[in-house]
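Let me begin by presenting the structure, written as structure tokens, before commenting on it.
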Amino acid sequence: MFLGGGLGIGLSFIALLVVGTYSAAAGVSGAGGAVGLAKGAVPARYKPIVEKWGNLCPAINPALLAAQLYQESGWNPRAQSHASAQGIAQFIPGTWASHGIDGNNDGTRDVWDPADAIPSAASYDCELAGYVKKVPGDPTDNMLAAYNAGAYRVIKAGGVPTISETQNYVKIIRSLEKSFAEPVGGVSPSRQAAGAIYFAQKKLGTPYLWGGNGTADQGGRFDCSGLTQAAYRTVDIELPRVANDQYNAGAHPSRKDLLPGDLVFFSDDLDDSRAIHHVGLYVGGGYMINAPYTGAVIRFDKIDTPDYFGATRVTEEGAAALPTALPQG
């Protein structure tokens with residue numbers, strides 16, 4: 001069902017939601033902390049390994065380990081970079097020779113086997129955390145800095161060194177961590193959400209175009225993730241082009257805690273965010289604005305369908321943390 005005919009009523013409805021979103025953002029504070037992994041954020045075949053090894057030492061947790069793996073390879077176990085980094089955890093051969101472990105106890109250490117590579121990544125993190133455990137500051141930040149710049153530089157600096165690449169790496173992983181963590185309590189509202197809704201509601205009735213980015217040569221038409229990307233671009237947040245990567249652009253509110261402006265996702269596999277096939281922009285009342293499929297127009301649709309996967313509350317920090325390019329397999 002969609003509210004196709006009453007666009008005038010629909011626009012009034014959206015205008016009220018925009019005001020409500022700003023009011024919520026001004027009056028609600030979020031809660032921090034995370035226990036476990038957000039639903040489907042880690043592909044099901046890797047989730048038990050990440051949950052087990054993500055608790056190897058106090059400096060790491062499953063969401064942090066998942067953030068590192070996603071940033072390194074996008075969950076691709078055959079990924080290989082131009083610098084010869086290999087596998088799901090992107091170990092270079094020399095580091096693997098020194099720090100790779102037989103995580104599944106099958107008698108071999110295989111950098112291409114996630115059952116070895118994921119435990120090795122966690123083990124290496126914890127080893128680095130041990131090296132810098134006496135350094136002042138946040139132990140996890142110091143561990144990540146040691147991962148990027150080496151433990152000696154962290155010890156010498158007395159914390160995260162003033163190296164832009166290292167500081168950026170720490171920020172990226174800590175931001176991505178939030179997108180893999182199951183929230184505890186509420187997720188802070190976003191002021192930018194209202195602007196994204198304002199853009200999307202102006203596109204109601206526009207015909208769908210697969211691969212559409214809304215350019216003039218495409219007649220201003222969009223597909224689903226093209227629409228959400230363009231909507232958030234108007235408020236200076238740059239989302240990835242693909243829906244399953246947009247899922248990692250922030251924390252994940254529950255269905256009952258959805259607010260206008262949240263991205264809502266639909267997947268062929270409810271245990272795997274990499275199987276997401278559709279995204280829309282939530283507007284409240286159980287409805288979203290979305291570009292559904294060829295032959296349809298941008299419209300309101302209900303979100304409560306069997307393939308509803310979950311939602312993301314987009315943040316500038318979360319979107320900026322997403323990798324722009326991943327190694328190929």
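- The structure places OG of S175 at 11.5 Å from CD of Q71, a figure rounded to the nearest 0.5 Å.
- Annotation for W112: atom CH2 counts as buried by contact number, over 12 foreign heavy atoms lying within 6.0 Å.
- A67 and L176 get closest at one heavy-atom pair: CB-CB, 3.6 Å.
- Proximity of the aromatic rings of Y287 and Y282 is defined here by a centroid distance below 6.0 angstrom, and this criterion is not met.
- Residue E72 holds its CD atom at 13.0 Å from CD of Q86, rounded to the nearest 0.5 Å.
- For the residue pair Q167 and S164, no side-chain donor N or O sits within less than 3.5 Å of a side-chain acceptor on the partner.
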Trace of the salt bridge (Lys or Arg N to Asp or Glu O under 4.0 Å) decision for D257 with R255: CA-CA 5 Å; D257 292 327; R255 170 65 182 85; over 6 Å; no

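- I289 is not connected to I303 by any chain of hydrophobic side-chain contacts under 4.5 Å among Ile, Leu, Val, Met, Phe, Trp and Tyr, and they are in different clusters.
- For the residue pair S84 and P93, the shortest heavy atom distance occurs at O-CD, 3.5 Å.
- A side-chain N or O of D245 and one of Y70 form a donor-acceptor pair less than 3.5 Å apart.
- The side chain to side chain contact (heavy atoms under 4.5 Å, CB included) test with M143 singles out one residue from L64, N148, I173, and that residue is L64.
- In this structure, Y232 and E238 have side chains that are not in contact, with every pair of non-hydrogen atoms separated by 4.5 Å or more.
- How far OG of S120 is from CG of D102: 8.5 Å, rounded to the nearest 0.5 Å.
- Looking only at atom types and distance, the side chain of Y169 has no donor-acceptor partner in the side chain of E165 under 3.5 Å away.
- When all heavy atoms are compared, the tightest approach of A115 to I49 is CA-CD1, 4.0 Å.
- The distance from the CH2 atom of W96 to the NE2 atom of H99 is 11.5 Å, given to the nearest 0.5 Å.
- Judged by distance alone, with hydrogens and angles left aside, the side-chain atoms of T312 form a donor-acceptor pair with the main-chain N or O of Y247 at under 3.5 Å.
- Taking the six-membered ring for Trp and thresholds of 30 and 60 degrees, F266 and H278 have ring planes inclined between 30 and 60 degrees apart.
- Across every non-hydrogen atom of A121 and A89, the tightest pair is CB-CB, 4.0 Å.
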V235 and F199: CA distance, side-chain angles, deciding distance, side-chain contact (heavy atoms from CB on, under 4.5 Å) verdict: CA-CA 9 Å; V235 291; F199 175 87; over 6 Å; no

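- Relative to the ring axis of F309, K39 places its NZ or CZ within 45° and under 6.0 Å from the centre.
- Note on L209: it does not cluster hydrophobically with L204, by side-chain heavy-atom contacts below 4.5 Å among ILVMFWY residues.
- Scanning both residues, I298 and A291, for their nearest heavy atoms gives CG1-CB, 3.9 Å.
- Without hydrogens or angle criteria, T166 side chain to A145 main chain gives no donor-acceptor distance under 3.5 Å.
- In this structure, T95 and Y124 have side chains that are in contact, with non-hydrogen atoms separated by less than 4.5 Å.
- Side chain to side chain, T228 and Q246 meet the donor-acceptor criterion of an N or O pair below 3.5 Å.
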Check against side-chain contact (heavy atoms from CB on, under 4.5 Å), V242 and S225: CA-CA 6 Å; V242 182; S225 55; 5.6 Å; no

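- Proximity of a side-chain donor or acceptor of H252 to a complementary backbone N or O of S179 within less than 3.5 Å is detected.
- Taking the side chain as every heavy atom from C-beta outward, L281 and I197 approach each other to under 4.5 Å.
- Linking Ile, Leu, Val, Met, Phe, Trp and Tyr residues whenever their side-chain heavy atoms come within less than 4.5 Å places V135 and Y147 in a single cluster.
- By the salt bridge (charged side-chain N to carboxylate O under 4.0 Å, His left out) test, R153 pairs with no residue at all, sequence neighbours left out.
- Taking 4.5 Å as the limit, some side-chain heavy atom of L258 sits within range of a side-chain heavy atom of P253.
- For the pair S73 (side chain) and L69 (backbone), a donor-acceptor distance under 3.5 Å is present.
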From CA spacing to verdict: side-chain contact (heavy atoms from CB on, under 4.5 Å), N76, I88: CA-CA 5 Å; N76 180 0; I88 198 168; over 6 Å; no

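- In terms of modelled atom types and a separation under 3.5 Å, the side chain of N142 and the main chain of P136 share a donor-acceptor contact.
- In summary, E317 and K171 do not engage in a salt bridge, as defined by a charged side-chain N under 4.0 Å from a carboxylate O.
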Stepwise side-chain contact (heavy atoms from CB on, under 4.5 Å) test for L144 and Q68: CA-CA 10 Å; L144 291 170; Q68 286 183 291; 3.6 Å; yes

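- Atom CD1 in I101 sits 4.5 Å away from atom OG in S123 (nearest 0.5 Å).
- Put simply, the side chain of V154 does not reach to within 4.5 Å of the side chain of Y152, judged on heavy atoms.
- By the 30° and 60° cut-offs, the orientation of the rings of F180 relative to W75 is perpendicular.
- Remark: side-chain polar atoms of N290 are paired, donor with acceptor, to backbone N or O of R299 under 3.5 angstrom.
- R241 is listed as a side-chain neighbour of D223, based on a closest heavy-atom distance under 4.5 Å.
- Between the side chain of Q229 and the backbone N or O of L239, at least one donor-acceptor pair lies under 3.5 Å.
- Identified under the side chain to side chain donor-acceptor pair (under 3.5 Å) test for residues 262-272, with sequence neighbours left out: D262-R313.
- For the pair V160 and V170, the tightest heavy-atom approach, listed with the atom from each and the gap, is CG1-CG2, 4.4 Å.
- Considering only heavy atoms from C-beta on, D113 stays 4.5 Å or farther from P77 through its side chain.
- Note on I276 and M288: separate hydrophobic clusters, where clusters join Ile, Leu, Val, Met, Phe, Trp and Tyr whose side-chain heavy atoms are under 4.5 Å apart, directly or indirectly.
- The closest side-chain donor-acceptor pair between D106 and T108 falls under 3.5 angstrom.
- Judged by distance alone, the side chains of D236 and Q192 never bring a donor and an acceptor atom under 3.5 Å apart.
- By the rule that hydrophobic residues join a cluster once side-chain heavy atoms approach within less than 4.5 Å of another member, L322 and L65 end up as members of one cluster.
- The shortest distance between side-chain heavy atoms of I60 and W53 does not fall below 4.5 Å.
- When only modelled atom types and interatomic distance are considered, N213 and R221 share no side-chain donor-acceptor pair under 3.5 Å.
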